[in-house]
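Heads up: the structure comes next, in structure tokens.
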Amino acid sequence: MKEVVIKDAVLQQAAEEGMDAFVGAFTQAMHDAIGGELTAENMGELNTDQVTLLAWETLREEVMDGGFVQLIYNGYGPFIFQNPLAKVMKLWGLPELSKLIYAGCKLWSKHQAEIERECSDEEFMALFERFPDFDELDDCFVEHEEEWTEDIAHYIDDHIENFARIEP
């Protein structure tokens with residue numbers, strides 16, 4: 001296992017900046033520990049909570065930027081929907097997020113091949129019109145993202161030892 005380390009001063013500053021920065025301090029430390037990018041090869045070097053947090057980071061970035069269609073088009077469907085992210089979110093105390101991920105998984109299974117195929121920018125933009133089933137999921141995610149980020153930050157704070165070692 002890779003040791004993920006965060007300096008206490010970095011963590012204190014992040015906590016003062018808010019929940020996004022607090023969560024970001026942990027994801028950045030994880031990226032630093034694994035050499036920048038999570039891959040199939042280095043995923044086994046992190047524990048379940050750490051991989052889950054990086055999955056949350058990916059889910060959040062992709063959905064906030066372009067919705068579930070973009071997440072799937074960019075190839076993150078298997079990472080988000082074939083790993084136990086939804087189950088772990090429920091265990092972390094986020095049952096509504098878990099339900100949303102399961103709903104996204106059903107739609108991904110139904111539309112995966114069409115959305116993941118290579119296409120032009122114009123064809124990509126048309127995907128949003130072709131798959132309006134994702135709109136409700138996108139809206140729900142955007143509506144609850146701050147609340148979920150706060151809940152995740154609290155979970156991390158209550159289980160810091162699962163995410164990183166804090167050093168002076």
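Only this structure's heavy atoms are used, side chains among them; waters, hydrogens and symmetry mates stay out. Count residues from 1 along the sequence.
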Exercise. Can you list the steps and then say if Lys99 with Glu96 is a salt bridge (charged side-chain N to carboxylate O under 4.0 Å, His left out)?
Worked result: CA-CA 5 Å; Lys99 289 177 189 174; Glu96 294 304 315; 3.4 Å; yes
For atom [atom1] of [X], is the number of surrounding heavy atoms from other residues, nucleotides or ligands below 6.0 Å larger than 12?
{"X": "Glu114", "atom1": "CD", "answer": "yes"}
{"X": "Glu161", "atom1": "CD", "answer": "yes"}
{"X": "Phe141", "atom1": "CZ", "answer": "yes"}

Euclidean distance, [Y] [atom2] relative to [X] [atom1], rounded to 0.5 Å:
{"X": "Leu100", "Y": "Leu94", "atom1": "CG", "atom2": "CG", "result": "11.5 Å"}
{"X": "Glu146", "Y": "Asp151", "atom1": "CD", "atom2": "CG", "result": "12.0 Å"}
{"X": "Gln70", "Y": "Met125", "atom1": "CD", "atom2": "CE", "result": "9.5 Å"}
{"X": "Leu11", "Y": "Phe26", "atom1": "CG", "atom2": "CZ", "result": "4.5 Å"}
{"X": "Asp157", "Y": "Met19", "atom1": "CG", "atom2": "CE", "result": "8.5 Å"}
{"X": "Ile115", "Y": "Leu107", "atom1": "CD1", "atom2": "CG", "result": "8.0 Å"}

Aromatic plane relationship, [Y] with [X] - under 30° parallel, 30 to 60° tilted, over 60° perpendicular:
{"X": "Tyr155", "Y": "His159", "answer": "parallel"}
{"X": "Trp148", "Y": "Trp56", "answer": "perpendicular"}
{"X": "Phe68", "Y": "Phe134", "answer": "parallel"}

Exercise. Could you go step by step and tell me if Leu59 and Ile101 meet the side chain to side chain contact (heavy atoms under 4.5 Å, CB included) rule?
Worked result: CA-CA 9 Å; Leu59 175 67; Ile101 295 167; 4.0 Å; yes
Tell me the closest heavy-atom pair linking [X] and [Y], and the distance in Å.
{"X": "Pro168", "Y": "Asp8", "result": "CA-CB, 4.4 Å"}
{"X": "Met89", "Y": "Thr52", "result": "CE-CG2, 3.3 Å"}
{"X": "Ile80", "Y": "Ala55", "result": "CD1-O, 3.5 Å"}
{"X": "Ala14", "Y": "Ala25", "result": "CB-CB, 3.9 Å"}
{"X": "Met1", "Y": "Gly44", "result": "SD-O, 3.6 Å"}
{"X": "Ile156", "Y": "Phe22", "result": "CG2-CE2, 4.0 Å"}

Within-4.5 Å side-chain heavy-atom neighbours: [X] and [Y]:
{"X": "Val63", "Y": "Leu137", "result": "no"}
{"X": "Pro78", "Y": "Trp108", "result": "yes"}
{"X": "Phe81", "Y": "Ser109", "result": "no"}
{"X": "His111", "Y": "Ile72", "result": "no"}
{"X": "Glu167", "Y": "Lys7", "result": "yes"}

Please check this pair: side chain of [X] against backbone of [Y], looking for a donor-acceptor N/O pair closer than 3.5 Å.
{"X": "Asn83", "Y": "Phe79", "value": "yes"}
{"X": "Asn47", "Y": "Gln50", "value": "yes"}
{"X": "Thr149", "Y": "Glu145", "value": "yes"}
{"X": "Glu147", "Y": "His144", "value": "no"}
{"X": "Asn42", "Y": "Ile34", "value": "yes"}

Do [X] and [Y] land in one hydrophobic cluster if side-chain heavy atoms of ILVMFWY residues count as linked below 4.5 Å?
{"X": "Val5", "Y": "Leu38", "value": "no"}
{"X": "Leu97", "Y": "Tyr102", "value": "no"}
{"X": "Met43", "Y": "Leu54", "value": "yes"}
{"X": "Leu91", "Y": "Ile152", "value": "no"}

Exercise. Does a donor on one side chain sit under 3.5 Å from an acceptor on the other, for Gln12 and Glu16?
Worked result: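 Looking only at side-chain atoms, Glu16 and Gln12 do not form any donor-acceptor pair under 3.5 Å.
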Exercise. What residues form a side-chain hydrogen bond (donor to acceptor under 3.5 Å, both in side chains) with Asp158, not counting sequence neighbours?
Worked result: none
Problem set entry | side chain to side chain contact (heavy atoms under 4.5 Å, CB included) between Val4 and Leu46, intermediate numbers included | CA-CA 9 Å; Val4 177; Leu46 297 174; 4.1 Å; yes
Exercise. Checking side chain to side chain contact (heavy atoms under 4.5 Å, CB included) for the pair Lys87/Trp92: CA distance, chi angles, key distance, verdict?
Worked result: CA-CA 9 Å; Lys87 181 180 181 178; Trp92 284 11; over 6 Å; no
